[in-house]
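Because the structure is a prediction, the values reported are computed rather than measured. Index from 1, following the sequence.
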Amino acid sequence: MSKKSTIRTNWPKHLLQWGTLALIIAIIVFLKSDPEKYCPMGGLEAFVTYITRGSLPCSMSSLQIMMGLALAAAVILFSKLFCAFLCPVGTVEDLLIRLRKALKIKGCEIRKGSVADKLLRIVKYALLFWIFYSTATASELFCKNLDPYYAVATGFKGEITLWMSITTVVLVVLGGLFVKRFWCKYICPLGAASNTLKFWMWLLLLGIAWWILTLFGVNVHWPALLLAFCIIGYLLEIFHGNPRAQILHVVVNEKACGKTCHSCQKACPYNIDAPACGSMISDVDCTLCGECVAACPSKALHIGVSPKKEKTCSFSKFIPAIIAVVLTIAAIIAGKSFELPTIDVTWDTENISNLETVRIEHLTSVKCYGSSMAFKARMEKVRGVHGVKTYVGSHTVVITYDPSVTTAEKVQEEVFIPSRFRISNPDPAKIPELKVMTIRTEKMYDKLNLNFLGIQMSLTGRKIYGLDSEYDCPLIVHVYMDPEENPDEQWFREIVNKKSLDLPVANGSIKSTPLDFEFVRLEKGSTTINTAEYRQKMFEGFSAEFNGRYTEADSTFIQKRAEHYADQPQFIYEVPGEVYEKPIVRRSFPFLSNHLSKEEGVIGMYLNLDKNYTPAIQIRFAAPMTADRIWELMSMETWTITYSEDDVREEPARIKFDNPGICYEYVKE
């Protein structure tokens, strides 16, 4: 028995495994990239969703699909190369095999073909059907819920279902410590898909049968095909576990093999007994990892095409690793050369013969299936628009419209959302007026783009106080600044044309946001604006008016609108504070207004600027409510929140108020 390590003799495998793992860690830690970006499992899910629904799930792109198709091509032509060389979970499973030996843990080998083996192999096929069906029906990448790799890569903070993720991580670790490649052999849904693809000739027959049924008018729904795929894969795996349709195999020189040392079987992650397979290993579990070849003391094994050729080539051990790398690189190049639409939807086009399209780029808010559907819902309300395609990878939309009803310019105007971005609040007492300069830009259709440009300007140290945008071609951007500032056209050009926004983050690294704005021109001259008017212009208020409640003598509650108090004196209870404009604080306003709304006499809650231009929470009320009672309600440690008639909860206060406000009479404007 050979006890030597295969790391030196099978170094291509180990180099690829650990190199891939290191690259994944670098991508996640340093580039802050999506850990699913290159996952072939997500790509196969996206491909199935695309062919069944005509849309892509989540933020899946052509890159993921090409990675999935590259995996499928590798399995069909060669073997499960991804499992052998690139899968991070497979790398961990191999490490656990070595850890088990180091800790001298007595493992448990489940004999292939045993009842336990056959029953356990059902699990991965059940998961395969569940994951692909759930993804295709909901257009959300369901595998994230239970993928052990994704859970660990995101620190259990991604789009996971916690109990599922914990369960799968435990199965990987504990299962791998006691059974070689337990996860890969019995649980992994990608392993189930790969094993089934090894029997691609049977799948071809399934496709032909489906085609014949359609010729006879039988409509076979895709879930039935998916179920048939899983059932065929499982049955073939347990009853005919030796697919021979691949090009490459581990070839056994039966004359040189002593068939007694079983070094190959001990080294194999799947415990495959090579001599028992005859002249060629075609076991469904074989991944062409080369461990058996490296462990063989008599060099009776090699990777090749035919068992007839007894001469071995020392270069053959490199072939699977090279193929894995080449296919991965080809998939990345192909995936970046084209883009599939995340959604491609049209409506009400039956009686329209002449439709045109307009393409709009750089809509960064269109970044996934959900935001694509939200954009489509907004466009459905636009007169003359009859279709939407979205490309989330490039944040591009293509809108189909009727030129007899609307124009490309009007469609673009409907897409554009005027926005504003405040950098700081100048003091009206010190700076009564601000200078306003106007620039024209392109590629800034998205609402967030103005924020990015404003941050770029603020980083220069100039006294720029804010920006707002106004639709036109090219886009109009007003820049509000100190009267002493006088930036020239070249300064604006350099700022607008910067290709990235680089900001330091908490861990000391730099977060880089790619940009692609285009500066067109600086309008001549400048204007001024009153600083108080600027502060009001940039201010985003809050308003919630609700029914007042009061109790009759019979103790029944009767709803009355604010007009009930129209003939009574009304008052404002005002609590100023600069923090009330912060988004994290503003998120608490609906809860505070809910808490106050049940009280008799409370008419509404607002966020406005007070006379000193400071943000202030204002509570409008009338008798029998009093200012003291308002303060008592606001400063309570728990709030009463009504979610529904049957769901009223006592919850901790979401805002702490330190100082009471002031009360004055409400004057209707």
Side-chain angles (χ1 to χ4, degrees), residues 6-20 40 67 70-91 93-94 97 112 180-181 183-185 188 190-200 237 241-253 257 263-296 299-309 312-331:
T6 60
I7 293 177
R8 180 174 296 179
T9 50
N10 195 25
W11 64 263
K13 174 207 172 189
H14 298 285
L15 178 64
L16 261 186
Q17 279 189 315
W18 291 101
T20 301
M67 292 296 290
L71 176 141
V75 172
I76 291 170
L77 296 174
F78 307 106
S79 188
K80 300 188 293 184
L81 303 183
F82 174 80
C83 302
F85 299 99
L86 303 175
C87 178
V89 180
T91 302
E93 288 280 273
D94 284 350
I97 294 173
K112 186 173 181 180
K180 285 183 177 181
R181 287 254 183 165
W183 169 268
C184 308
K185 191 185 294 185
C188 180
L190 184 57
S194 298
N195 285 4
T196 306
L197 288 170
K198 277 196 167 191
F199 299 99
W200 60 268
E237 180 172 327
N242 295 286
R244 293 178 175 268
Q246 283 73 46
I247 295 173
L248 290 178
H249 299 274
V250 174
V251 177
V252 182
N253 183 339
C257 177
S263 296
C264 53
Q265 185 176 9
K266 293 181 177 67
C268 176
Y270 291 91
N271 209 42
I272 299 171
D273 187 2
C277 296
S279 60
M280 187 172 65
I281 300 175
S282 56
D283 193 287
V284 70
D285 289 329
C286 181
T287 64
L288 288 186
C289 68
E291 288 292 276
C292 59
V293 176
C296 180
K299 301 191 182 302
L301 305 177
H302 73 279
I303 294 171
V305 177
S306 171
K308 295 179 181 179
K309 185 178 179 182
T312 64
C313 174
S314 60
F315 183 74
S316 66
K317 66 181 180 182
F318 295 97
I319 295 175
I322 291 172
I323 292 172
V325 172
V326 169
L327 283 175
T328 300
I329 294 173

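Annotation: side chain to side chain contact (heavy atoms under 4.5 Å, CB included) contacts of T287 (sequence neighbours excluded): K80, C83, A84, Y270, C289. In this view, W18 satisfies the ring-ring contact (aromatic ring centres under 6.0 Å, His included) rule with no residue, not counting sequence neighbours. With sequence neighbours excluded, the residues that form a side-chain hydrogen bond (donor to acceptor under 3.5 Å, both in side chains) with K198 are S79. In terms of the side chain to side chain contact (heavy atoms under 4.5 Å, CB included) criterion, residue partners of C188 (sequence neighbours excluded) are, by chain and number, W183, L190. Not counting sequence neighbours, the partners of D285 by the salt bridge (charged side-chain N to carboxylate O under 4.0 Å, His left out) test are R121. In terms of the side chain to side chain contact (heavy atoms under 4.5 Å, CB included) criterion, residue partners of I76 (sequence neighbours excluded) are, by chain and number, L197, W200. Take C264 and apply the side chain to side chain contact (heavy atoms under 4.5 Å, CB included) test, not counting sequence neighbours, and it matches A274, P275, C292, L301. When the salt bridge (charged side-chain N to carboxylate O under 4.0 Å, His left out) test is applied to K180, no partner is found at least two apart in sequence or on another chain. Not a single side-chain hydrogen bond (donor to acceptor under 3.5 Å, both in side chains) links N271 to another residue, sequence neighbours left out.
Between atom NE2 of residue H302 and atom OG of residue S316 there is a gap of 6.0 Å, rounded to the nearest 0.5 Å. To the nearest 0.5 Å, the span separating CD on E237 from CG on D283 amounts to 9.0 Å.
Between D94 and K13, the closest side-chain pair of non-hydrogen atoms falls below 4.5 Å. Within the 4.5 Å cutoff, the side chain of P320 has heavy atoms near those of the F85 side chain. Residues L248 and I323 have side chains in contact (heavy-atom distance under 4.5 Å, counting atoms from C-beta outward). Looking only at side-chain heavy atoms (C-beta outward), L81 and L86 stay at 4.5 Å or farther from each other. For the pair I272 and E291, the minimum side-chain heavy-atom distance is 4.5 Å or more.
Contact record, P12 with A321: CB-CB, 4.1 Å, taken as the closest heavy-atom pair. N10 and G290 get closest at one heavy-atom pair: ND2-C, 3.5 Å. Looking at every heavy atom in both residues, S194 comes nearest to L71 through OG-CD2, 3.8 Å. Minimum interatomic distance between S263 and A295 (heavy atoms only, all atoms of both residues): CB-O, 3.7 Å. The two residues I7 and H14 come nearest to each other via the heavy atoms CA-CD2, 3.5 Å. Nearest heavy atom pair, residue M67 against residue T328, reads CE-CG2, 3.9 Å.
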Apply the test side chain to side chain contact (heavy atoms under 4.5 Å, CB included) to residues K112 and V284: give CA-CA distance (whole Å), side-chain angles for both, the deciding distance (0.1 Å), then the verdict.
-> CA-CA 11 Å; K112 186 173 181 180; V284 70; 4.2 Å; yes

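Note on residues 243-252: no pairs pass side chain to side chain donor-acceptor pair (under 3.5 Å), not counting sequence neighbours.
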